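Inspection log for the structure reproduced underneath, given as structure tokens.
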Amino acid sequence: MTEDNYSLTTEFILIGFTDHPELKSLLFVVFLTIYVFTMVGNLGLVALIFMEHRLHTPMYIFLGNLALMDSCCSCAITPKMLENFFSKDRMISLHECMAQFYFLCLAETEDCFVLAAMAYDRYVAICSPLQYHTVMSKKVCIQMITGAYIAGNLHPIIHVGFLFRLTFCGSNQINHFFCDAFPLYRLSCVDPYINELMIFIFAGAVLVFSVIVVLISYLCILFMIFKMKSKEGRGKALSTCSSHFLSVSIFYGSLLFVYTRPQSLKEEDEDIPGAVFYTLVIPLLNPFIYSLRNKEVINAMRKVIKKIL
């Protein structure tokens with residue numbers, strides 16, 4: 001097929017959840033509720049950490065950045081999805097599509113590195129408590145966050161750059177509720193092998209590095225906990241890690257399900273459940289996982305509420 005025989009696609013239709021029109025109103029209410037609670041929970045947590053001086057420690061600084069990126073992820077995906085529930089055309093331009101993918105990839109990459117930094121922070125706090133303030137100094141904390149943001153921006157720039165090498169000339173219907181890489185590859189009339197290879201190399205490297213840091217940190221933490229003679233000490237150590245480990249398990253589990261399954265390019269409908277988890281559910285759960293099980297955050301919330309009232 002020559003370029004004269006087809007017109008290039010510059011707009012796409014996000015099919016999303018429109019296969020079930022009878023559930024449109026219900027799904028809209030559900031996802032709107034998730035979006036509101038996500039934004040209130042995450043931005044509220046960011047504001048709380050910023051306002052309360054006692055929370056200006058590495059663990060809470062990492063947590064604040066995680067909450068900020070979860071807000072970014074939700075903002076990149078949910079508003080357009082909610083609009084499409086009642087939109088007649090459900091169109092999204094190519095450049096809007098690229099921007100949506102960029103901010104999603106930025107948020108997910110940043111989350112990977114921040115979760116790894118939080119695991120390392122817990123390792124130092126439990127395994128080397130006397131050296132904690134030296135190893136996890138404010139300077140080191142800022143360097144880790146800066147590095148995460150630099151890597152978080154470079155990663156999507158690479159993939160968006162390679163997306164622009166593709167041309168779309170067939171169907172313009174994306175069987176997804178946002179512009180992810182794999183659904184776009186399915187619509188390309190150029191072989192996306194190089195794009196797939198870049199995702200395998202760079203996204204794989206980000207995942208492998210962060211997962212290794214998390215696993216090694218928690219193996220060392222568990223080894224240290226088993227060596228503790230005090231039951232109270234064991235309980236305290238486990239409680240400081242349980243929230244983070246739960247969040248990590250859900251986040252990496254959903255990412256691995258979506259991006260490392262065999263023949264993921266052919267199984268379009270199976271992308272959506274995992275994508276719902278890592279783009280909508282996890283940003284909703286994180287602030288509640290970390291705040292409701294954390295006495296310092298709860299006490300800080302009570303203090304701020306008393307000041308306001």
Side-chain angles (χ1 to χ4, degrees), residues 58-59 61-70 72-73 76 101-128 132 135-137 139-163 180-182 194-224 240-262 264 274-275 277-279 282-283 286 289-290:
M59 182 177 74
I61 292 173
F62 291 139
L63 180 56
N65 282 273
L66 182 69
L68 189 62
M69 286 298 102
D70 283 343
C72 175
C73 177
F101 175 70
Y102 172 85
F103 285 109
L104 173 68
C105 189
L106 164 65
E108 301 304 334
T109 306
E110 176 77 10
D111 277 359
C112 284
F113 286 116
V114 170
L115 287 170
M118 292 173 73
Y120 178 73
D121 174 77
R122 292 300 84 202
Y123 156 74
V124 177
I126 293 172
C127 298
S128 304
Y132 178 77
V135 176
M136 293 301 299
S137 64
K139 181 180 178 181
V140 171
C141 182
I142 292 172
Q143 288 174 342
M144 293 175 78
I145 292 172
T146 302
Y149 274 102
I150 292 172
N153 278 280
L154 288 177
H155 188 217
I157 287 173
I158 291 170
H159 295 306
V160 169
F162 277 96
L163 277 173
D180 201 3
F182 288 154
I194 295 178
N195 299 69
E196 296 171 39
L197 182 63
M198 291 299 103
I199 280 193
F200 177 77
I201 292 173
F202 288 100
V206 170
L207 276 173
V208 169
F209 171 77
S210 55
V211 168
I212 287 175
V213 171
V214 170
L215 288 178
I216 292 177
S217 297
Y218 274 102
L219 285 174
C220 293
I221 288 170
L222 287 174
F223 183 73
M224 179 61 66
T240 61
C241 299
S242 58
S243 299
H244 179 257
F245 189 74
L246 176 62
S247 179
V248 163
S249 301
I250 298 173
F251 178 75
Y252 286 118
S254 58
L255 279 184
L256 290 171
F257 174 79
V258 171
Y259 290 107
T260 63
R261 286 181 297 113
S264 58
F277 252 87
Y278 75 80
T279 59
I282 293 175
N286 274 340
I289 289 174
Y290 284 107

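Bear in mind that the values here come from a model prediction, so they are computed numbers and not experimental data. In this chain, numbering begins with 1 at the start of the sequence shown.
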- Message: Within the structure provided, determine whether F223 and C127 are in side-chain contact (heavy-atom separation under 4.5 Å).
- Response: no

- Item | Spatial distance of atom CD1 (I221) from atom CD1 (I216) [nearest 0.5 Å] | 12.0 Å

- Indicate the atoms forming the closest heavy-atom contact of F251 with I282, along with that distance. CA-CD1, 3.3 Å

- Closest non-hydrogen atom pair between Y278 and P283, with its separation: O-CD, 3.8 Å

- Residue pair M59 / M136, side-chain heavy-atom distance below 4.5 Å: no

Distance-only donor-acceptor hits, side chain of residues 108-118, under 3.5 Å, sequence neighbours excluded:
unit_1	atom_1	unit_2	atom_2	d
T109	OG1	C105	O	2.7
T109	OG1	H155	ND1	2.8
E110	OE1	Y149	N	3.3

- Note on the structure: Distance col, row L63:CG vs N286:CG, nearest 0.5 angstrom, shows 8.0 Å

- Query: Would one find more than 12 heavy atoms of other residues, nucleotides or ligands at under 6.0 Å from atom OH of Y123?
  - Reply: no

- Can you tell me how far OG of S217 sits from CG of D121, rounded to the nearest 0.5 angstrom? 9.5 Å

- Is it the case that more than 12 heavy atoms not belonging to F277 sit under 6.0 Å from its CZ atom? no

- Task: Identify the heavy atoms of A203 and H159 that sit nearest to each other, and give their distance.
- Result: N-NE2, 4.4 Å

- Query: Can you tell me how far CZ of R122 sits from OH of Y132, rounded to the nearest 0.5 angstrom?
  - Reply: 5.0 Å

- Those residues that, when tested against L154, pass side-chain contact (heavy atoms from CB on, under 4.5 Å) (two or more places apart): I150

- Across all chains, not counting sequence neighbours, the side-chain contact (heavy atoms from CB on, under 4.5 Å) partners of L219 are none

- Item | Where P156 and G152 come nearest, the two heavy atoms and their spacing | CD-O, 2.7 Å

- Considering all heavy atoms of both residues, which atom of N195 and which atom of F162 are nearest to each other, and what is their separation? ND2-O, 2.9 Å

- Message: Closer than 3.5 angstrom, by distance alone: can the side chain of S128 be matched with the main-chain N or O of V124 as a donor-acceptor pair?
- Response: no

- side-chain contact (heavy atoms from CB on, under 4.5 Å) test vs C73 passes for just one of L68, T279, L106, namely T279

